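Quick notes on the structure that follows.
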There are 2 protein chains.
Amino acid sequence: MSEVTLKTKGVEAVDKALHILSLFTTETPKLSLGEISQRSGYVKSTALRLLISLQNAGLIVATADKNYMVGPQTFRLGHLYQRSLRLEPIVRPVLRALVLRTGESGSFFRREGNIRICLFREDSSQVLREHVPEGEAVGLDKGAPGHVLSEFSDVDGTRPASEGQLGRLPIVSLGERGPDIAGIAAPVFGAAQGLVGAVTLSGPRTRFTPQAIDDMKPLVIQAASDLTGALGGSFYDRLSVVATRFDHVKQG
Amino acid sequence: MSEVTLKTKGVEAVDKALHILSLFTTETPKLSLGEISQRSGYVKSTALRLLISLQNAGLIVATADKNYMVGPQTFRLGHLYQRSLRLEPIVRPVLRALVLRTGESGSFFRREGNIRICLFREDSSQVLREHVPEGEAVGLDKGAPGHVLSEFSDVDGTRPASEGQLGRLPIVSLGERGPDIAGIAAPVFGAAQGLVGAVTLSGPRTRFTPQAIDDMKPLVIQAASDLTGALGGSFYDRLSVVATRFDHVKQG
DNA sequence: TCATAAAATTCCATTGAATAGAACGGTGTA
DNA sequence: TACACCGTTCTATTCAATGGAATTTTATGA
């Protein structure tokens, strides 16, 4: 109610309905009317009517046991979104190559507001692997890709990344997102759009030894550079800079 | 207005907003306010307010050139849907194996109302391949998986598939969905849920020679049987039936 | 099995949110 | 420079959304 009712406002009933939609998360993928009413703060009759509209649109489906889950239309729209970015044919092969050469899992993250979502993921074939499925939203403050997306968020067509920023690449994270999870990430830039996302290799910390990390670092940088090139970006074109700095990073 | 305002109805404003959302398709992923107003029939001021709510929820984003596209929240929700079905860990490996052994692309379709959507897809590495990306909605009347999903749609926990139905498997489609596209499909059943989906191999018609088709048929049947088993289903347990009929099918 | 509790669903008078269309402003085109 | 088109803001009217109570359905357990 008192949330954010400012600016040129939308339609309250729609806001409420979509708020209900947002209650469905990985942790709570299935909710009863009572839970929805409680969590949203809307009385049950109101929540129910909103749910009917959501169901008619196929965004929500009712289960046999009188619960609610997200519906098939979300899937259609979600893939429409994924395709609208036109990144998949570029990113997927690069990730696949990374995974083949390292045996760890490769992902591509994109910043959306103050979270990051896993747009693409290629799993390693290892039995032991961490798991951030595609579509998962994670905070910006944790993990190597999070740092990358924060650090380079102000990069756009007019303001390229500084040498100092590039010098710190790739960013390595050990035990941040979870005690046993490690990751190595680097930013991907587009021509005019600036920061597009972050490419990362991740896996169980036990396999990320100093030696292994040193082996993977140049591969991640190379992948980020390849992707940036494919998107028309040029920040990695100063390869001398990156190469020089990169030697430096390896020592650190 | 006169569309469908019957039954225990929901909330009109929400219906309108979600109708706007449904205007975004593969063919028209990007719409201006004018187009939205025209296609939906809502006056521009109304459409604009609904769009504001949709934007606040992250389901729609405005592009730099004053157009609208689906937003990142659809992606999050879409993958939540995909995961809520709990099919991916089961289906994906089977598809991958199919692709490896045949060189064609494998997909898993699910019926949603009177359309089918591609839930999972594993591309072949061949240069020439047809393309139905994940999330794409296709009609039930065309293509091998469409026929499968139609033919077995009445199968549920209480009414198993008849021998006659099973005998016609797998269903082969040549040049139906497009003049150059061929596919081989078979149904997947769950324990109590009945028909869960259809697994299919598809590719350019030129590679689907009678010989190649005969080679692929048992693999598709086997994949469908494996998936059905993994889901607790048992329709393929009458393997004698399937095997016998299958020999018959090969001759046909 | 029936009684009790809890949840979902329906109903309806009140009211304020959504609406339509006109007016405004901005941008590109002839 | 003027015109035409598109997006955006404004506002009085009205009808759709609301919430709470009533009713029905489902779950629990004695």
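Every value quoted in this text rests on a predicted model; they were computed, and no experiment measured them. Convention: sequence-line order gives letters A, B, ...; per-chain numbering from 1.
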Tell me yes or no: between the side chains of A:Ser32 and A:Asn67, is some donor less than 3.5 Å from an acceptor? no

Take atom CG of B:Leu50 and atom C1' of C:dA18, then tell me their distance rounded to the nearest Å. 9 Å

Taking only N/O atoms, report every protein-nucleotides 3-7 of chain D pair under 3.5 Å with atom names and distance.
unit_1 : atom_1 : unit_2  : atom_2 : d
D:dG7  : OP1    : B:Leu33 : N      : 3.2
D:dG7  : OP2    : B:Gly34 : N      : 2.8
D:dG7  : N7     : B:Lys44 : NZ     : 2.9

From CG of A:Asp15 over to C1' of C:dG16, roughly how many Å is that when rounded to an integer? 16 Å

Within 45 degrees of the axis of the six-membered ring of B:Phe109 and under 6.0 Å from its centre: does B:Arg116 put its NZ or CZ there? yes

For atom CD1 of A:Ile36 and atom C1' of C:dT9, their distance in whole Å: 14 Å

On DNA chain C, more 5' by nearest nucleotide between A:Val14 and B:Ser45 is A:Val14

Between C:dT19, D:dT18, D:dT9, which nucleotide gets closest to the side-chain atoms of B:Ala13? C:dT19

Is it true that A:Gln73 and B:Ser22 share a donor-acceptor pair across their side chains at a distance under 3.5 Å? no

Assign B:Val11 to base, sugar-phosphate, or nothing according to its heavy-atom contacts below 4.0 angstrom with the strands shown. sugar-phosphate

Is NZ or CZ of A:Lys16 both nearer than 6.0 Å to the six-membered ring centre of A:Tyr42 and within 45° of the ring axis? yes

In sequence, state the C-alpha distance, the side-chain angles, and the governing distance for A:Ser105 and A:Glu122, and then conclude on side-chain hydrogen bond (donor to acceptor under 3.5 Å, both in side chains). CA-CA 6 Å; A:Ser105 297; A:Glu122 289 288 326; over 6 Å; no

Nearest-Å distance, OH (A:Tyr42) to P (D:dG19)? 10 Å

Between B:Thr228 and B:Phe189 (side chain of the first, backbone of the second, donor and acceptor by atom type, cut-off under 3.5 Å), is there such a pair? yes

With a cut-off of less than 4.0 Å, is there a side-chain N or O of B:Arg49 near OP1 or OP2 of C:dA18? no

